[in-house]
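Some notes on the structure that comes next.
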Amino acid sequence: MTTPALDTIDPITFTVLRNGFRAMCTQGSALVERVAWGPVITQGRDYSVGLLTGDGRLVGHGTVDITPHMGTFEFSVNAVVEDFGDEMEPGDVFIIND
């Protein structure tokens, strides 16, 4: 499914947004490493950070993320939306550990 606004986005804006999304996720990954105490996270980097749209489509991920994790992001978000969609309000945050 394509979004009409994305069909007409120019290459420069697309690149700026893509790099901004990646930077946000990379900073999120750095935060996870700083606050985690377990060696699986700090040394093994067994985690991933992603940025998804409201309908669960992946739009950004960090540069050190584990590839198989990215394949599950959309399914995990869709499961949360199915379970909590009626109760969600702007500003809500859902943290998933699957």
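Computed from a prediction, not measured in an experiment: that's the story for all the values here.
- Atom CZ of Phe94 has more than 12 heavy atoms from other residues, nucleotides or ligands within 6.0 Å.
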* **Residue pair Val32, Ile41: steps toward the side-chain contact (heavy atoms from CB on, under 4.5 Å) verdict** => CA-CA 8 Å; Val32 168; Ile41 302 296; 3.7 Å; yes
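- Atoms OG1 and CZ, on Thr26 and Phe21 in that order, are 13.5 Å from each other to the nearest 0.5 Å.
- In Asp92, the CG atom is crowded: over 12 heavy atoms of neighbouring residues, nucleotides or ligands sit closer than 6.0 Å.
- For the atom pair CG of Asn78 and OG1 of Thr72, the computed distance is 11.5 Å after rounding to the nearest 0.5 Å.
- The side-chain heavy atoms of Val49 and Gln27, taken from C-beta on, include no pair separated by under 4.5 Å.
- Side-chain contact between Leu51 and His61 is absent, with no heavy-atom pair separated by less than 4.5 Å.
- Shortest non-hydrogen contact noted between Ser48 and Phe73 is CB-CZ, 3.6 Å.
- Thr53 has its side chain out of reach of Leu58: every pair of non-hydrogen atoms, C-beta onward, lies at least 4.5 Å apart.
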* Check the pair Val80, Met88 against side-chain contact (heavy atoms from CB on, under 4.5 Å), reporting the backbone distance first and the verdict last. => CA-CA 10 Å; Val80 169; Met88 288 182 175; 3.7 Å; yes
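- Scanning both residues, Tyr47 and Ser29, for their nearest heavy atoms gives OH-O, 3.3 Å.
- Counting heavy atoms from C-beta on, the side chains of Thr42 and Trp37 never come closer than 4.5 Å.
- Between Val77 and Glu74 the shortest side-chain heavy-atom distance does not fall below 4.5 Å.
- Under the 4.5 Å side-chain heavy-atom criterion for Ile, Leu, Val, Met, Phe, Trp and Tyr, Phe84 and Leu52 are members of the same hydrophobic cluster.
- Phe14 and Val59 end up in the same hydrophobic cluster when Ile, Leu, Val, Met, Phe, Trp and Tyr side chains are linked at under 4.5 Å.
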